[in-house]
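Following: one structure in structure tokens, then a few remarks.
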Amino acid sequence: MLDGSQLSEAKRALLERYRRGDLPRSAPTVVPGTRGAEALVAGPHAGVVAVQSGKSKRPFFFLHGQWIREVGALCFPLARQLGPDQPFYMVEPNTFDDPGNLPTLEIIAAKHIKALRAVQPDGPYLLGGFCNGGLVAYEMARQLHADGQKVDLLALMDPLLLVQPPRLKLAFRFIKRYGELMRVKVETQVAWFLCLRNVYSYLQDVDAYARHRMQMLKVLLRRNSAETVNNGSGRDNSAVAFPRLASIVPRADNLLQDYPGVFTWVALHYKPATVYPGKISFFWPTSSTSRRGWRAVEEANDVEVHVIPGRSMSLLTDGRARVAEYLRACLSKVHGTTTAHS
């Protein structure tokens, strides 16, 4: 049996291997000298990674939702800020290896529940999710509730829209119906959708580019009210350097690497079979564009809303201390009113 310092070093080594992506894809890895599920560190494709272990409290399962490994590693400092006695499991996002056979969001959630129940067979469960992971966590909670399992905490951090914008839904329906009518393969439909999404983003960049240019020209005109603005005058015009626009027609092999776009295609198919009736704790950044897609849920459910200054990604970076503070309070409430997981 390893002592405490050796055990910590072993766990750190395993987590470092996880970050590098060189853990095995099949069997999970167990830290030497430990026993039980709390010592399990799953490979990056096995579903669950034990970031912090312990037996005094029920584990918190977090779907970080990020397909970039470095971003997923932000879960480790969040777990530390929740305290060493709070077991913390990171649930990996689903991979989309076959664009012609994409799983539904319901199937993704069921797959995560299977991995979750391998660690904790029965509820009550403590779930959290960020961005697209928040939307999947909502469906997991809905399925668990429908299966008679209790969810004591559902913490959604700037989750992806439950109700997608009308223009996006219209484009999706057109591509689907036209593709089915013309017997176009699903992967081609997905590529069309991703290309259209890229064009829309490009046009938004063009609009931002034009507005930025006008603002900068106004600044220069105010500075040089008696002169004509002349880019070849030798003045320092670094203030009017504009962002370089992305290609409007990306390469086909790059399209399917657009994880957010592929996930959006999957999410556009999603219609919850039932409404999740339990309490939800929302964590919204002040600049969130997703909240409008959850208005009906906020109005109908028992919800707790925490608003944190910043943008979406800042929730797990600059705003992480505030998120951890509110999340600790949520966890303390459920730990104080229910028995500890054994």
Side-chain angles (χ1 to χ4, degrees), residues 37-38 47-65 74-75 78-91 109 112-113 115-160 162 272 274-285 290-291 294 297-298 300-308 315-316 319-342:
E38 72 280 2
V48 176
V49 174
V51 178
Q52 276 186 175
S53 60
K55 292 184 177 180
S56 62
K57 295 180 178 179
R58 283 175 294 140
F60 175 65
F61 295 92
F62 186 63
L63 289 84
H64 60 79
L74 294 173
C75 293
L78 176 61
R80 286 196 297 271
Q81 288 183 302
L82 292 179
D85 60 339
Q86 175 58 61
F88 189 109
Y89 284 79
M90 183 169 66
V91 183
H112 288 326
I113 288 174
L116 176 151
R117 297 187 78 170
V119 177
Q120 183 185 339
D122 297 298
Y125 291 101
L126 310 177
L127 298 178
F130 170 68
C131 191
N132 63 75
L135 184 60
V136 177
Y138 176 81
E139 172 59 20
M140 289 174 65
R142 194 198 65 77
Q143 289 186 24
L144 285 166
H145 181 270
D147 196 36
Q149 294 291 332
K150 188 176 180 184
V151 177
D152 272 353
L153 175 63
L154 178 59
L156 304 184
M157 303 176 187
D158 197 23
L160 193 71
L162 182 63
T274 57
V275 175
Y276 173 67
K279 181 177 180 179
I280 303 175
S281 295
F282 284 105
F283 295 70
W284 294 114
S290 299
R291 190 171 181 180
W294 291 86
V297 173
E298 283 195 9
N301 281 56
D302 177 14
V303 300
E304 183 177 42
V305 177
H306 305 284
V307 179
I308 298 165
L315 285 182
L316 295 183
R320 186 172 58 237
R322 188 76 63 86
V323 169
E325 176 188 348
Y326 292 147
L327 189 54
R328 276 197 307 269
C330 293
L331 290 166
S332 295
K333 289 179 185 176
V334 297
H335 286 315
T337 57
T338 57
T339 57
H341 171 66
S342 56

### Message
Before you tell me yes or no, could you show the steps for V91 and L116 under side chain to side chain contact (heavy atoms under 4.5 Å, CB included), namely the whole-Å CA-CA distance, both residues' side-chain angles and the distance that decides it to 0.1 Å?
### Response
CA-CA 8 Å; V91 183; L116 176 151; 5.5 Å; no
### Task
Could you walk me through whether Q120 and F61 pass the side chain to side chain contact (heavy atoms under 4.5 Å, CB included) test, one step at a time?
CA-CA 10 Å; Q120 183 185 339; F61 295 92; 3.5 Å; yes
#### Entry: Ring geometry between H306 and F283 (parallel below 30°, tilted from 30 to 60°, perpendicular above 60°)
tilted
### Message
Just verifying a value: how many Å separate L156 CG and S290 OG, rounded to the nearest 0.5 Å?
### Response
11.5 Å
### Task
Measure the CG-CD distance between L153 and E304 for me, rounded to the nearest 0.5 Å.
9.0 Å
### Interatomic distance, D85 atom CG to S53 atom OG [nearest 0.5 angstrom]
11.5 Å
### Message
Consider side-chain hydrogen bond (donor to acceptor under 3.5 Å, both in side chains). Of R328, R320, E325, which one does Q81 pass it with?
### Response
R320
### Task
Apply the test side chain to side chain contact (heavy atoms under 4.5 Å, CB included) to residues L126 and Y89: give CA-CA distance (whole Å), side-chain angles for both, the deciding distance (0.1 Å), then the verdict.
CA-CA 10 Å; L126 310 177; Y89 284 79; over 6 Å; no
### Query
Do L144 and L127 touch side chain to side chain, with heavy atoms closer than 4.5 Å?
yes
#### Entry: Closest non-hydrogen atom pair, G47 against A115
CA-CB, 4.4 Å
### Query
Any donor-acceptor pair under 3.5 Å linking the side chain of N132 with the backbone of G65?
yes
### Query
Where do K57 and P87 come nearest, in terms of heavy atoms and distance?
O-CG, 3.4 Å
### Task
Please work out whether the ring planes of F62 and F88 are parallel, tilted or perpendicular, with thresholds of 30° and 60°.
tilted
### Side chain Q149, main chain Q143, donor-acceptor under 3.5 Å
no
#### Entry: Side chain N301, main chain Y276, donor-acceptor under 3.5 Å
yes
#### Entry: Side-chain (R58) to main-chain (P124) donor-acceptor, under 3.5 angstrom
yes
### Message
Taking E139 first and then R142, would you say they form a salt bridge - that is, a charged N and a carboxylate O separated by under 4.0 Å?
### Response
yes
### Task
Let me see the working for Y138 and I280 under side chain to side chain contact (heavy atoms under 4.5 Å, CB included), right down to the final yes or no.
CA-CA 9 Å; Y138 176 81; I280 303 175; 4.0 Å; yes
### Message
Salt bridge or not between R117 and D122? Use side-chain N to carboxylate O under 4.0 Å.
### Response
yes
